[in-house]
There are 2 protein chains.
Amino acid sequence: MQIELNTVYNEDCVDGMKRIEDKSVDLLLTDVPYGMEFQSNYRNVKHIKIQNDNNLDWLPRWMKEIDRVVKEDAHLYIFCSHHNIEIFKSEIQKYRKVKNILIWEKNNTGMGDLYGDYAPKYEFVLFCSNGKKKLNGGRDSNIIKANRTQNDLHATEKPVDLMEYFIEKSSVEDDIILDPFAGSGATPIGAKNKRRNYIAFEIEETHCNTINKRLKHIQASLF
Amino acid sequence: MQIELNTVYNEDCVDGMKRIEDKSVDLLLTDVPYGMEFQSNYRNVKHIKIQNDNNLDWLPRWMKEIDRVVKEDAHLYIFCSHHNIEIFKSEIQKYRKVKNILIWEKNNTGMGDLYGDYAPKYEFVLFCSNGKKKLNGGRDSNIIKANRTQNDLHATEKPVDLMEYFIEKSSVEDDIILDPFAGSGATPIGAKNKRRNYIAFEIEETHCNTINKRLKHIQASLF
DNA sequence: ACTACGGTTGAATCCTGAA
DNA sequence: GTTCAGGATTCAACCGTAG
């Protein structure tokens with residue numbers, strides 16, 4: 001392994017992943033940029049625009065690298081939206097089997113067209129598995145409720161709860177979890193809480209600093 | 001109009017729809033064959049295998065015809081599953097805007113891989129709109145809960161409640177509603193209950209007879 | 001335990017005005 | 001004409017607190 005475990009790398013993930021050994025990752029859990037040029041206009045808080053979110057050109061190279069580093073029977077969880085789910089699913093299916101599409105049901109609905117559309121209340125999570133690896137715990141449904149957390153840190157912050165849930169369903173202690181788009185850091189933080197190893201990339205320096213602060217805070221409180 | 005309203009035609013819908021006038025349909029509400037060769041093993045009831053369900057060759061011709069007969073600003077609701085949502089969405093998008101993907105959340109979970117997968121609890125409904133037509137009533141979320149109904153009529157029976165909900169959101173009295181894959185008849189029955197007109201096709205004679213019986217029953221009870 | 005009520009919030013979309 | 005950036009806007013769901 002030419003890469004350090006339990007580190008958040010401030011670099012482009014497609015480059016950085018090249019230093020990860022073949023078939024060494026036990027779980028992929030990530031929230032990719034949706035390719036929507038999203039910038040939150042939420043009230044007074046102005047978040048940094050998501051980098052490289054104006055197109056999905058990175059997707060084929062990214063997926064190829066993911067397939068190289070993630071174990072054959074590992075589970076993959078990839079967040080995406082209804083706007084371009086067909087693009088993500090089609091690309092991922094070139095390498096891995098999309099076994100299910102999970103629904104993260106949020107506690108509240110979003111903005112958008114007020115009169116001509118239904119209010120958005122969920123995010124998709126593409127769940128990939130070749131079928132050999134079992135899920136830990138009982139048989140849960142493919143609709144998962146989890147409350148949104150504060151979005152002071154990141155425009156599209158994911159709840160640590162939800163990440164920990166997926167981590168426990170699909171990995172054991174000391175496994176290696178990869179998140180190429182760490183964002184607010186929910187995956188590395190969840191991994192640390194649950195005593196798994198993580199490899200994380202985040203291209204935005206500000207977010208990297210936030211993640212490292214949050215991780216340090218856990219260290220102080222856990223031990 | 002060369003076609004009779006409020007009739008269930010026992011024929012292939014791609015042929016039958018040719019008799020519908022251009023841009024004459026106010027709402028499309030249908031549960032297409034998912035292309036999975038589905039045959040329910042539910043309890044003792046053996047359902048008829050869904051015809052033409054082993055492939056999706058019909059889809060391009062079907063969608064072209066749908067686009068011809070449905071009004072430009074009309075809403076389209078097309079049920080589909082996660083297995084091939086990308087195929088349906090991509091094909092539909094050649095003609096219409098998929099504005100949202102609705103989740104029909106069922107009261108119970110389905111079968112499937114008991115150990116290596118999450119239990120299926122929903123169906124997708126592709127919601128298409130060019131954005132000009134408003135939805136009736138309040139602003140509802142894109143997750144819609146509706147109980148499954150008895151499964152003795154049809155393998156993939158949809159609740160009449162749910163169809164009536166969509167009918168009321170997206171049409172007014174005397175509108176024309178099209179269902180090219182009528183199945184158990186939830187759409188024509190919902191349409192009749194809500195005093196809309198329907199055009200329905202169902203290739204399987206047994207199902208046609210069932211639908212007509214159910215429709216007759218409404219006539220008796222409504223008037 | 002239950003209801004009532006106030007406070008808070010949203011991976012968006014539309015519209016307007018400037019370039 | 002066209003594109004683009006930024007500002008205003010919804011109401012249903014949920015939570016916490018109080019009665």
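Quick note: numbers below take in every heavy atom, side chains included, and nothing from hydrogens, waters or symmetry partners. Proteins get letters first, then strands, A, B, ... in listed order; numbering begins at 1 in each.
Distance from the side chain of A/N147 is smallest to D/dC15 among C/dA11, C/dC14, D/dC15. Nearest to the side chain of A/N108, among C/dG10, C/dA11, D/dT10, sits C/dG10. The side chain of A/K121 lies closest to D/dA13 when the candidates are D/dT10, D/dA13, C/dA11. Closest to the A/N107 side chain, of the nucleotides D/dC14, C/dT13, D/dT10, is D/dC14. The side chain of B/R139 sits closest to D/dA12 out of D/dA12, C/dA11, C/dT13.
No side-chain donor from either of A/S90 and B/E86 sits under 3.5 Å from a side-chain acceptor of the other.
Side-chain atoms of B/E72 and B/K132, non-hydrogen and from C-beta on, never get closer than 4.5 Å to each other.
A salt bridge links A/D113 with B/K99: at least one charged nitrogen is closer than 4.0 Å to a carboxylate oxygen. Ion pairing between a basic and an acidic side chain is recognised when a charged N comes within 4.0 Å of a carboxylate O; A/K18 and A/E65 show no such pairing.
In this structure, A/K106 reaches the C/dA11 phosphate: one of its side-chain N or O atoms is under 4.0 Å from OP1 or OP2.
Atom CZ in A/R148 sits about 16 Å away from atom C1' in D/dA12, given to the nearest Å. A/Y115 has its OH atom 11 Å from the P atom of D/dA12, to the nearest Å. If you take CD of A/E105 and P of C/dT9, they are 20 Å apart, rounded to a whole angstrom. Put simply, CE on A/M111 is 9 Å from C1' on D/dT10, counting in whole angstrom units. The distance between atom OH of A/Y118 and atom P of D/dT10, rounded to the nearest whole Å, is 21 Å. What separates NE2 of A/H207 from P of C/dA11 is a distance of 15 Å, to the nearest Å. Distance OH (A/Y122) to C1' (D/dA13): 17 Å, rounded to an integer number of Å. If you take CD1 of B/I103 and P of D/dA13, they are 16 Å apart, rounded to a whole angstrom.
The distance between the ring centers of A/F181 and A/W58 falls below 6.0 angstrom. Remark: aromatic rings of B/H82 and B/F124 are distant, center separation not under 6.0 Å.
The base of D/dA12 has none of its N or O atoms less than 3.5 Å from a complementary donor or acceptor on the side chain of B/D140.
Among the heavy atoms of the strands lying under 4.0 Å from A/T109 is at least one base atom, whether or not backbone atoms are also near. A/D117 comes within 4.0 angstrom of no nucleic acid atom, judged by non-hydrogen atoms across all strands. Looking at heavy-atom distances under 4.0 Å, B/G131 makes no contact with the nucleic acid at all.
Residue pairs meeting the side-chain hydrogen bond (donor to acceptor under 3.5 Å, both in side chains) criterion with at least one member in residues 118-128 of chain A, sequence neighbours excluded, are A/Y34-A/E123, A/E105-A/K121, A/K106-A/E123, A/Y118-B/Y77.
In terms of position along DNA chain D, the nucleotide closest to A/G112 lies nearer the 5' end than the nucleotide closest to the other residue of the pair A/G112 and A/K145.
Taking the six-membered ring for Trp and thresholds of 30 and 60 degrees, B/F127 and B/H75 have ring planes more than 60 degrees apart, a perpendicular arrangement.
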Q.
Wobble G-U and Watson-Crick pairs count when both distances are under 3.5 Å; given that, what is the 5' to 3' dot-bracket string of DNA chain D, with | for pairing to other strands?
A. .||||||||.|||||||||
